[in-house]
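Read the structure below first, then the notes.
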Amino acid sequence: MTVVEPTVADTTTGPVHTRALVIGTGFSGLGMGIELQRRGVDFLILEKADDVGGTWRDNSYPGCACDIPAHLYSFSFEPKPDWTYMWSLQPEILDYLRGVTEKYGLRRYIHFGARVERAHWDDAEYRWHVFTEDGREYVAQFLISGAGALHIPSIPDFEGLADFEGEAFHSAQWDHGVDLTGKKVAVIGTGASAIQLVPEIVDKVGELQLYQRTPAWVLPRSNNPIPGWMRDAFGSVPGTRAALRTGIYWFQEALGFAMTKRPELLVLGEKAGKWNIRHQVRDRELRRRLTPSYQVGCKRVLFSNNYFRAIAKPHSELVTDRISRITPRGIVTADGKERDVDVIVFATGFHVTDSYTYVGIKGPGGEDLVDRWNREGVQAHRGIAVADMPNLFFLLGPNTGLGHNSVVFMIESQIRYVGQAIGAVDKAGAQALAPTRSAQDSFNAELQDDLQGAVWSTGGCSSWYLDEHGKNRTLWSGMTWQYWLSTRSLKRSEYRFSGVASARPSQRAAAR
Ligand code: NAP
């Protein structure tokens, strides 16, 4: 493997130049760094926080875990035979990412505390100029965002929130300094984060109020530690770990098949979800209020063996009346009732469909990507590159999230593809490439067509998978192996190259 020395960053004397600039140090950013290192491309990674880990660093709420089995939710090239749990807890995933960072010596390529604010493409230089919040400037030929879409906490703008006198924080910004013991705690939201944290805090708090807007389908699942003998076998018996990974992969794909092609099969999930409620909740009225009226899979399917049990406890209350305002001491619902609250936990999710508006990107001729996406909808070619935006790549970009399988699989397909794109630019003796409009349009037309029958659109719910026009701009439309096939090798015919050595003078003249 070629080891590239990171650009020496003297940020006091002007812009820092590098060939490829990566944003973020989650699975995407770290994976991309490893690919660039392997290809011998000079690169730097900008990270807003002071540690690596992305979502697995930010989300440290009690009970935080991954609902995709760890043996699949990890890099294929960096297996870990001794995962403690089948569905890993957050600290172990964060440790894994820190371990990968150390093993590949990535820390020296990372600039911490560097929150990217804006970037613009210089037509004459064929370079991106990228600016961080503290005013530092980076100049790079390739700009690769590994920021993902689940990193900007969304806190509803409730009337009176600013005057609340207790503690209030978002699940992704858990305040570990706040002791919940004996307190009146309100949890707002019943998504993936809430269903994990509620059972963890319920026995500690004095009173739990769970504010539910829409009930979630929660299927049964127990997550016991993997026995030592099994972990030993994964490490020492050839083929066992790989066989497990393959088995998990195809099980998850079967779920994806039902979600995208045969939603009627999801009725099995409904049966399991209803059984889970019946099994844990005696009160018929409470059962009714916890039972969703939309199809399983329409929103993210959740798994827990103790969420409903936690809500059924005598000191828990499920509140289904809408929140109308917050007072200095509590929460008022639409029925006019005020409940006293000491601590509010916002498990209200993230800015997803508008996450792209948080970094200003201007392409050739000053074209604003946010304006374009606001106008045309968020879309990219193969979910990675954007027409007429040279050398710009998104990892887990538009329509490459998943409702059923490991996003790390998608990320690996994408980092390989971006590596190929960089290789293609070099091979063509060019400075830049961008997908053609027609390639991007036909990719997205097919994708949107495939999505029409998927449960996310037909299942009768609203979710952050859909934009304000009801179009799915977040999830991949089919099986993940189809995405792997679609990105396995970059088709040069789908791209326009610019800055080709022989053509450059005239192109520059045109650019002027
Ligand atoms: P989420 O799934 O978006 O859930 C947000 C919850 O807050 C929903 O129940 C939503 O209700 C509610 N909400 C939002 N605004 C509200 C308002 N104004 N008033 C009342 N309720 C409101 O967010 P999340 O639970 O943080 O999960 C986000 C994503 O992160 C997941 O889908 C998943 O992709 C990922 N995640 C994964 C795991 C895992 O692997 N286990 C764990 C955590 C997160 P509505 O349903 O009515 O909108």
Side-chain angles (χ1 to χ4, degrees), residues 26-27 54-56 58-70 72-74 85-90 92-93 148-161 169-174 186-200 209-219 221 223 252 290 292-294 297-304 307 311 318-326 331-334 344-355 396 400-408 410 456 459-466 474-476:
F27 271 98
T55 195
W56 298 107
D58 291 352
N59 285 274
S60 64
Y61 59 79
C64 182
C66 183
D67 54 17
I68 299 293
L72 185 60
Y73 193 86
S74 42
Y85 289 88
M86 190 58 83
W87 291 273
S88 238
L89 309 187
Q90 172 262 345
E92 195 169 12
I93 305 175
L150 290 169
H151 66 114
I152 305 156
S154 167
I155 297 184
D157 188 17
F158 290 122
E159 181 193 330
L161 176 57
F169 48 84
H170 190 273
S171 54
Q173 295 164 332
W174 193 269
V187 175
I188 303 179
T190 52
S193 303
I195 72 114
Q196 291 182 337
L197 71 89
V198 162
E200 291 298 312
Q209 301 161 17
L210 179 61
Y211 291 81
Q212 169 186 283
R213 194 164 66 176
T214 316
W217 281 112
V218 184
L219 275 48
R221 188 197 69 193
N223 190 19
Q252 302 290 152
L290 287 169
S293 56
Y294 56 88
C298 184
K299 285 173 181 281
R300 192 178 176 93
V301 183
L302 310 178
F303 299 89
S304 172
Y307 169 66
I311 303 169
L318 181 74
V319 184
T320 49
D321 289 299
R322 291 294 164 95
I323 295 170
S324 54
R325 67 194 162 87
I326 293 181
I331 297 178
V332 180
T333 40
I344 301 177
V345 174
F346 290 100
T348 42
F350 300 86
H351 287 275
V352 181
T353 47
D354 62 343
S355 61
L396 287 189
T400 63
L402 296 176
H404 71 283
N405 209 335
S406 170
V407 287
V408 182
M410 302 295 273
W456 310 302
C461 74
S462 65
S463 76
W464 56 261
Y465 295 155
L466 311 180
T474 44
L475 296 188
W476 172 239

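Values in this document were obtained by computation on a predicted structure and should not be read as measured data. Indexing begins at 1, ligand by ligand and atom by atom, following the structure's order. Heavy atoms only: backbone and side chains are in, while hydrogens, waters and symmetry mates are out. Numbers here simply count residues along the sequence, with the first being 1.
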We want to know whether Gln196 and Tyr61 form a side-chain donor-acceptor pair, criterion being a heavy-atom distance below 3.5 angstrom.
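Result is yes, a qualifying pair exists.
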
Between [X] and [Y] (side chain of the first, backbone of the second, donor and acceptor by atom type, cut-off under 3.5 Å), is there such a pair?
| X | Y | answer |
| --- | --- | --- |
| Trp456 | Ser462 | no |
| Gln90 | Cys64 | no |
| His170 | Gly349 | yes |
| Thr348 | Ser154 | yes |

What residues come within 4.0 Å of ligand 1, counting heavy atoms only?
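Within 4.0 Å of ligand 1, protein side: Tyr61, Ala65, Cys66, Asp67, Leu150, Pro156, Phe158, Ile188, Gly189, Thr190, Gly191, Ala192, Ser193, Gln196, Arg213, Thr214, Lys299, Arg300, Ala347, Thr348, Gly349, Phe350, Trp464.
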
If the plane angle is over 60° it's perpendicular, under 30° parallel, otherwise tilted; pick one for Tyr73 and Phe27.
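Perpendicular.
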
